[in-house]
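Note that the structure is predicted; figures quoted are calculated from it, not measured.
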Amino acid sequence: EIILVTGVQTCALPIFKVHRCRFVEAVPQAVECVEFDPRGGRLAVLRANADIEVWSLALGGWFCESRLAGAADAPVRRVAWGAHDPAFPRGRLFTCGLHGMISEWDLCTLSSTASCDSYGGAAWSMAMHHASGLLAVGCEDGGISLIDTTDALALVARLPSLNERVLAVAFNPQGSHLACGTAGGVVCVWDVASRSVTSQLVLESFQTGSSARVRKPPLVWSVLLLSDMAVVAGDSSGHVTLSMAGTARSCRASARTRRTCSRSPSRPTSRPSSRRASTTRSRSSPPRLRRRPPSSPRSEEHTSELQSPI
């Protein structure tokens with residue numbers, strides 16, 4: 001204590017200890033990609049700064065089980081869970097990015113165990129077929145790299161280039177076909193065994209700017225290939241397109257309007273009758289006279305004709 005003596009009173013002041021406190025400015029990062037574990041109960045979240053978070057439901061609620069810090073020079077774009085392997089009790093996790101590398105991560109040591117080149121430049125999309133362990137990677141040059149992940153990361157085949165960067169890839173549940181979406185608004189379905197295109201869908205271009213002649217193809221950011229070979233595609237124009245297998249017709253839906261493949265229902269027959277009735281009533285009602293300036297002799301003659309008895 002410090003004793004403060006004045007001319008009138010004496011008082012004691014407490015001694016305060018000074019503590020240094022530092023705060024970490026936590027800047028929230030946008031979510032780049034999310035992927036559920038096929039075994040259930042876990043979710044991999046990829047942030048814009050290349051950080052990977054693994055969220056789990058093991059304790060009855062969502063909590064961050066592990067976190068992998070991303071490197072500044074490794075712009076990771078997609079994350080995918082690998083097939084179940086007893087050698088990896090916590091699962092296998094794969095990533096790809098614009099640096100053109102595919103990496104496998106060990107969730108026990110939180111470090112990279114293997115990596116390989118994409119063989120097509122920057123990797124924009126990735127999809128895993130868990131039954132076969134085949135990993136499809138969409139690249140900058142428009143091609144798709146098929147990589148085997150059963151033992152090590154090994155290139156199996158390269159699908160021909162589509163001359164546009166591949167932004168989305170997806171296997172069908174059987175693993176026999178692969179769908180991809182490009183930056184040119186084209187959705188293709190590949191036969192994995194023959195490495196050939198079985199069907200192709202060109203999405204409708206949308207208007208850019210004030211001129212109606214300037215049209216730009218949409219960017220296909222997500223695709224889904226169902227078991228009956230139906231393709232679902234989401235593009236940058238805000239539309240979701242459903243292309244049925246074996247047909248050339250497609251359904252499009254957006255946040256503002258809803259469109260279906262079926263024809264629009266015919267108009268009811270009561271509308272024309274109501275219009276005729278309203279027309280009949282309007283004819284039976286006396287006509288309304290529009291006054292014109294009196295200086296015009298034609299208007300005076302017209303007014304007198306209307307007011308003369310029939």
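Residues M128 and H130 have side chains in contact (heavy-atom distance under 4.5 Å, counting atoms from C-beta outward). Side-chain atoms of S56 and F63, non-hydrogen and from C-beta on, do get closer than 4.5 Å to each other. Using a 4.5 Å cut-off on side-chain heavy atoms (C-beta onward), L155 and L146 make no contact. Using a 4.5 Å heavy-atom cutoff, the side chains of C116 and M101 are not in contact. Here the side chains of R77 and L98 are in contact, with some heavy-atom distance below 4.5 Å.
Taking R42 as the reference, D37, E65 meet the salt bridge (Lys or Arg N to Asp or Glu O under 4.0 Å) condition, with sequence neighbours excluded. The ring-ring contact (aromatic ring centres under 6.0 Å, His included) check on H129 picks up F171, with sequence neighbours excluded.
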- Show your reasoning for whether side chain to side chain contact (heavy atoms under 4.5 Å, CB included) applies to L43 and L57. CA-CA 9 Å; L43 175 69; L57 278 173; over 6 Å; no
- Message: Please determine whether side chain to side chain contact (heavy atoms under 4.5 Å, CB included) holds for the pair V186 and Q200, giving the CA-CA distance in whole Å, both sets of side-chain angles, and the decisive distance to 0.1 Å.
- Response: CA-CA 7 Å; V186 179; Q200 185 174 354; 3.2 Å; yes
- Audit row: I102, T95, side chain to side chain contact (heavy atoms under 4.5 Å, CB included) steps and yes/no: CA-CA 6 Å; I102 295 96; T95 59; over 6 Å; no
- Query: Where do V231 and V189 land on the side chain to side chain contact (heavy atoms under 4.5 Å, CB included) test, with the steps shown first?
  - Reply: CA-CA 8 Å; V231 180; V189 178; 3.7 Å; yes
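Results of the side-chain contact (heavy atoms from CB on, under 4.5 Å) test with T241 over V220, L203, V232 single out L203 as the only residue that passes.
No salt bridge links R47 with E32; every basic N to acidic carboxylate O contact stays at or beyond 4.0 Å.
L107 contributes atom CG, which lies 6.5 Å from atom CG of L68 (distance to the nearest 0.5 angstrom). Here the OG atom belonging to S145 is positioned 8.5 Å from the OH atom belonging to Y119, to the nearest 0.5 angstrom. Considering OG of S237 and NZ of K216, their distance stands at 11.5 Å, rounded to 0.5 Å. Rounded to the nearest 0.5 angstrom, W190 CH2 and S199 OG are separated by 11.0 Å. With rounding to the nearest 0.5 Å, the separation of CZ in F94 from OG in S115 is 11.5 Å. Distance check: D141 CG to S161 OG gives 5.0 Å after rounding to the nearest 0.5 Å.
At a cut-off of 3.5 Å, with distance as the only test, no side-chain donor of S125 or R78 sits close to an acceptor on the other residue.
The hydrophobic cluster containing V166 also contains L178, counting ILVMFWY residues as joined when their side-chain heavy atoms lie under 4.5 angstrom apart, directly or transitively. If you chain together hydrophobic residues whose side chains sit under 4.5 Å apart, I52 and L135 never meet in one group. The cluster map of Ile, Leu, Val, Met, Phe, Trp and Tyr, joined by side-chain heavy atoms under 4.5 Å apart, puts V31 and V54 in different clusters. The hydrophobic clustering, which links ILVMFWY residues whose side-chain heavy atoms are closer than 4.5 Å, places V223 and L225 together. Two different hydrophobic clusters hold V137 and V156 under the rule that ILVMFWY side chains link at heavy-atom gaps under 4.5 Å.
Listed for the S103 side chain is no donor-acceptor partner under 3.5 Å among the backbone atoms of S112. Side chain of W81 to backbone of E35: a donor-acceptor contact under 3.5 angstrom is found. Counting only distance, with no hydrogens or angles, the side chain of N172 and the backbone of H177 share a donor-acceptor pair below 3.5 Å. When atom types are taken as modelled, the side chain of T113 and the backbone of E104 share a donor-acceptor pair closer than 3.5 angstrom. Remark: the backbone N or O of L153 is not paired with any side-chain donor or acceptor of T149 at under 3.5 angstrom. With hydrogens and angles disregarded, a donor-acceptor distance shorter than 3.5 Å links the side chain of S236 to the backbone of L219.
Of all the heavy atoms in H99 and C96, the pair that sits closest is CE1-C, 4.4 Å. Taking all atoms of both residues into account, the shortest heavy-atom contact from W124 to C139 is CD1-C, 4.3 Å. Of all non-hydrogen atoms in R90 and C108, the two that sit nearest each other are CD-SG, 3.5 Å. Closest approach of A48 and Q29 over heavy atoms only: CB-OE1, 4.1 Å. Between P217 and S205, the shortest heavy-atom distance links the atoms CA-OG, 3.7 Å. Pairing each heavy atom of L162 with each of C180, the nearest pair is CD1-SG, 3.7 Å.
Atom CZ of R67 sits in a sparse spot, with 12 or fewer heavy atoms from other residues, nucleotides or ligands closer than 6.0 Å.
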